[in-house]
**Student:** 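Have a look at this one.
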Amino acid sequence: GGVTGGCGEATFILDITCDNFAEETGWELVDNNTATVLASRAIGDYATEPDGSTLQETLCVPFGADLELTLFDDFADGICCAFGNGSFDATVDGVSFLSGGSFGADTSASYLVPTGVSSYAYLWSNGDTTEDLTGVPAGTYTLTVTSISGCVETTTVTVGEPDAIV
């Protein structure tokens with residue numbers, strides 16, 4: 001099963017193909033901005049997985065996170081080659097930042113999740129796509145906001161006539 005957390009704005013995926021000793025494998029994902037462990041699997045957590053199992057761990061992470069992923073092997077022989085053909089690939093929104101299988105006791109890499117991408121799309125009932133609706137006549141308007149992760153919220157606002165200038 002996958003590890004899940006509070007939904008952020010980007011999707012981290014760790015694909016693992018186990019070698020013949022899945023119980024030796026563990027990993028940890030840290031956000032260095034906050035020194036927070038976002039998700040992890042301890043050595044032994046995969047002990048019940050059959051040899052050669054393919055696993056996928058998925059986690060939502062915020063834009064701007066300074067991720068550091070470390071994979072561990074308790075026997076210090078990685079997950080490839082001598083005892084099965086294991087491998088792994090870590091991506092954020094489809095961009096691979098750490099992959100392989102041949103390593104010793106551990107391997108790690110950092111990845112800065114890009115910022116500057118709007119995490120929301122706005123659609124007003126009058127066709128406007130800005131966050132704030134301005135310069136419109138009095139009336140009722142519906143706003144639909146869609147997050148990058150696909151969550152949709154809708155609200156309705158009523159704009160009144162401005163006060164008369166005296």
**Student:** Quick check for you: to the nearest 0.5 Å, what is the distance between Asn85 atom CG and Asn20 atom CG?
**Tutor:**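 Separation between the atoms: 9.5 Å.
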
**Student:** Parallel, tilted or perpendicular: which one describes the rings of Trp27 and Phe12, with boundaries at 30° and 60°?
**Tutor:**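 Ring orientation of Trp27 relative to Phe12: tilted.
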
**Student:** To the nearest 0.5 Å, how far apart are CG in Leu71 and OG1 in Thr25?
**Tutor:**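 These two atoms lie 7.5 Å from each other.
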
**Student:** Is there a donor-acceptor pair closer than 3.5 Å between any side-chain N or O of Asp77 and the backbone N or O of Ala82?
**Tutor:**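 No: the side chain of Asp77 does not pair with the backbone of Ala82.
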
**Student:** Heavy atoms only: give me the nearest Gly64-Asn33 pair and the separation to one decimal.
**Tutor:**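 Closest pair (atom of Gly64, atom of Asn33, distance): O-ND2, 2.7 Å.
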
**Student:** Taking a hydrophobic cluster as the set of Ile, Leu, Val, Met, Phe, Trp and Tyr residues connected by side-chain heavy atoms closer than 4.5 Å, whether directly or through intermediates, do Phe72 and Phe88 fall within one such cluster?
**Tutor:**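 Different clusters: Phe72 never reaches Phe88 through Ile, Leu, Val, Met, Phe, Trp or Tyr contacts under 4.5 Å.
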
**Student:** What closest approach, in Å, do Glu131 and Trp124 show between heavy atoms, and which atom pair accounts for it?
**Tutor:**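 Closest pair (atom of Glu131, atom of Trp124, distance): O-CZ2, 3.7 Å.
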
**Student:** Atom SG of Cys81 and atom CZ of Phe103: how far apart are they, to the nearest 0.5 Å?
**Tutor:**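 Rounded to the nearest 0.5 Å, the SG-CZ separation comes out at 11.0 Å.
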
**Student:** Asp93 side chain to Thr11 main-chain N or O, any donor-acceptor pair under 3.5 Å?
**Tutor:**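 Such a contact is found between Asp93 side chain and Thr11 backbone.
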
**Student:** Do you know the tightest heavy-atom contact between Asp31 and Ala65?
**Tutor:**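 In terms of heavy atoms, the two residues are closest at OD2-CB, 3.6 Å.
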
**Student:** Working to the nearest 0.5 Å, report the span between CG of Leu143 and OG1 of Thr154.
**Tutor:**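 Nearest 0.5 Å value for the CG-OG1 distance: 7.5 Å.
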
**Student:** Give the cluster check for Leu55 versus Leu38: same hydrophobic cluster or not, with ILVMFWY residues linked at side-chain heavy-atom distances below 4.5 Å.
**Tutor:**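 They do share one cluster, since a chain of ILVMFWY contacts under 4.5 Å joins Leu55 to Leu38.
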
**Student:** Any idea which heavy atoms bring Tyr141 and Ser125 closest together, and the distance?
**Tutor:**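 Closest heavy-atom pair between Tyr141 and Ser125: CA-OG, 3.5 Å.
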
**Student:** Working to the nearest 0.5 angstrom, can you tell me the gap between Ile16 CD1 and Thr54 OG1?
**Tutor:**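 Result: 10.0 Å between the selected atoms.
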
**Student:** Any side-chain donor-acceptor pair under 3.5 Å between Thr134 and Asp132?
**Tutor:**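 Checked: Thr134/Asp132 side chains show no N/O donor-acceptor pair below 3.5 Å.
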
**Student:** Hey, are Thr70 and Asp106 close enough side-chain-wise for a donor-acceptor pair under 3.5 Å?
**Tutor:**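 Their side chains do not contain a donor-acceptor pair, so the 3.5 Å distance test is not met.
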
**Student:** Can you hop from Tyr122 to Val157 via hydrophobic side chains spaced under 4.5 Å?
**Tutor:**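 Same cluster: Tyr122 reaches Val157 through Ile, Leu, Val, Met, Phe, Trp or Tyr contacts under 4.5 Å.
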
**Student:** Give the minimum heavy-atom separation between Glu23 and Ile43, together with the two atoms involved.
**Tutor:**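 Where Glu23 meets Ile43 most closely, the heavy atoms are O-CG2, 3.5 Å.
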
**Student:** Which atoms form the tightest heavy-atom contact between Asp89 and Ser96, and what is the distance?
**Tutor:**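 Residues Asp89 and Ser96, closest heavy atoms: OD1-OG, 2.6 Å.
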
**Student:** Would you say the side-chain atoms of Asp73 pair up with the backbone N or O of Ala76, donor to acceptor, closer than 3.5 Å?
**Tutor:**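 Yes, because the side chain of Asp73 sits within donor-acceptor range (under 3.5 Å) of the backbone of Ala76.
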
**Student:** Heavy-atom count check: over 12 atoms from other residues, nucleotides or ligands less than 6.0 Å from Phe75 CZ?
**Tutor:**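 Counting other residues, nucleotides and ligands, CZ of Phe75 stays at 12 neighbours or fewer.
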
**Student:** Could you grab the distance from atom CG of Leu29 to atom CD of Glu68, nearest 0.5 Å is fine?
**Tutor:**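 Between atom CG of Leu29 and atom CD of Glu68 there are 9.5 Å.
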
